[in-house]
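All of these numbers come straight from a predicted model, not from anything done at the bench.
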Amino acid sequence: MNESEALIWSRSALLTLQQPSTQVFLSATASGKVEGVKAAKLATPFERTKLAAYTLGAMTPCMRLYAYIGKELQVFLEGGKIHPYKKWIDSYASEAPKSDQNRPENQISRMSLADLRNTWGDLSEQYTKEYEQCIEKMLLTEKAEKFDYGRLHKTLEQLSDFEKRANSRVVESGVLKGLNLEDIKRAGQRLILQDGCANFFQSVIRNENLHSDIHVLSYCWCDDLIRSSFSSGGIDGLDVHANEFMFQESLSTGEIVKKVESPIDKMLALWLVRAQV
């Protein structure tokens, strides 16, 4: 590298580092802060994954810049020329840092995966524990003498409130953010339906005398997952009543379009279906 080129690159790098926003970001990341909050004080495991992402975000421009500069400087090594920085140039111009395994963005994904799994594990454990507590509170302490519709409805309302709180926790945790629509569909295609399930629905579809529509109600699975699961069994044209993920292009935003969140919602959806018959 001659002196003029070195001066241009050094000035460019210095101007970038002198930007106030760059300095604030690098200083905060170096001190272990995410959006002004120390990593130790972040509320959830998912939020703590941001520190790893921010750290690699700070490192990525440097890694990519070195790779670019190394590639550009290889011209000075042509013809077997001896250069004092030959080892440095060869190292950063090599193909190894560019492989998918070593790409900084994939490092972020791998580093956050364990925390995402832990977050989902915590959510599942909390859901199971609170579900059992909810059911225990709803059970009668004495034997019922007759069917009590009013009490049943009130009990279902309590269960519905629990399900809605659980859904809100999932959304707030961020574990649904960034899911790829095609990955969701592939997951649905791999689901195994109960024995006889596909045959039953296929027989309904093929029976021209029934003139029946198939409605699927669920507050546990999303619309796209259900459709792809049935479609893999040759069952299409379903009327699905379920929650839906919100997407930007093909990636989920982490938000849920809440259509069927609870037993009460399922009951209302069933009434609407029956009213259309």
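The side chain to side chain contact (heavy atoms under 4.5 Å, CB included) with Phe162 is formed by just one residue from the set Lys137, Met138, Glu130; it is Glu130.
Interatomic distance, CG of Asp122 versus CD of Gln126, reported as 8.5 Å (0.5 Å rounding). With rounding to the nearest 0.5 Å, the separation of CD1 in Ile135 from CG in Leu159 is 5.5 Å. In this structure, the separation between CD on Gln248 and NZ on Lys177 is 8.5 Å, given to the nearest 0.5 Å. Atom-to-atom distance recorded for Gln276:CD and Asp239:CG is 8.5 Å, nearest 0.5 angstrom. Considering CD1 of Ile226 and CD1 of Ile184, their distance stands at 12.0 Å, rounded to 0.5 Å. Annotation: the span from Leu210 atom CG to Ile205 atom CD1 amounts to 11.0 Å, rounded to 0.5 Å.
Using a 4.5 Å heavy-atom cutoff, the side chains of Ser252 and Leu181 are not in contact.
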Donor-acceptor pairs under 3.5 angstrom involving side-chain atoms of residues 256-263: please list them, not counting sequence neighbours.
{"unit_1": "Lys259", "atom_1": "NZ", "unit_2": "Glu244", "atom_2": "OE2", "d": "2.9"}
{"unit_1": "Glu261", "atom_1": "OE2", "unit_2": "Asn167", "atom_2": "ND2", "d": "3.2"}
{"unit_1": "Ser262", "atom_1": "OG", "unit_2": "Ser160", "atom_2": "OG", "d": "3.1"}
{"unit_1": "Ser262", "atom_1": "OG", "unit_2": "Asp265", "atom_2": "N", "d": "3.3"}
{"unit_1": "Ser262", "atom_1": "OG", "unit_2": "Asp265", "atom_2": "OD2", "d": "3.4"}

Show me, pair by pair, the donor-acceptor contacts under 3.5 angstrom made by side chains of residues 217-225, not counting sequence neighbours?
{"unit_1": "Ser218", "atom_1": "OG", "unit_2": "Cys220", "atom_2": "N", "d": "3.1"}
{"unit_1": "Ser218", "atom_1": "OG", "unit_2": "Trp221", "atom_2": "N", "d": "3.1"}
{"unit_1": "Asp223", "atom_1": "OD1", "unit_2": "Arg227", "atom_2": "NE", "d": "2.8"}
{"unit_1": "Asp223", "atom_1": "OD2", "unit_2": "Arg227", "atom_2": "NE", "d": "3.4"}

May I have the list of side-chain donor-acceptor pairs in residues 186-202 shorter than 3.5 Å, sequence neighbours left out?
{"unit_1": "Arg186", "atom_1": "NH2", "unit_2": "Asp183", "atom_2": "OD1", "d": "2.3"}
{"unit_1": "Gln202", "atom_1": "NE2", "unit_2": "Gly233", "atom_2": "O", "d": "2.4"}

Would you tabulate the side-chain donor-acceptor contacts of residues 146-157 under 3.5 Å, counting partners in other chains and residues two or more places apart, or write 'none'?
{"unit_1": "Asp148", "atom_1": "OD1", "unit_2": "Gly150", "atom_2": "N", "d": "3.3"}
{"unit_1": "Asp148", "atom_1": "OD1", "unit_2": "Arg151", "atom_2": "N", "d": "3.1"}
{"unit_1": "His153", "atom_1": "ND1", "unit_2": "Glu157", "atom_2": "OE2", "d": "3.4"}
{"unit_1": "Thr155", "atom_1": "OG1", "unit_2": "Arg151", "atom_2": "O", "d": "2.8"}

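Ser203 is linked by a side chain to side chain donor-acceptor pair (under 3.5 Å) to nothing, counting only residues two or more places apart in sequence or in another chain.
Sorted by first then second residue, the ring-ring contact (aromatic ring centres under 6.0 Å, His included) pairs that include residues 232-252, not counting sequence neighbours, are His215-His241.
With no hydrogens or angles considered, a side-chain donor-acceptor pair links Tyr127 and Glu163 at under 3.5 Å.
When all heavy atoms of Leu251 and Gly178 are compared, the closest pair comes out as CD2-O, 3.7 Å. Taking each heavy atom of Glu182 and Asn180 in turn, the nearest pair found is N-OD1, 2.8 Å.
Linking ILVMFWY side-chain heavy atoms closer than 4.5 Å, directly or via other members, places Val216 and Ile264 in two distinct hydrophobic clusters.
The environment of CE in Met267 is crowded: more than 12 heavy-atom neighbours from other residues, nucleotides or ligands sit within 6.0 Å.
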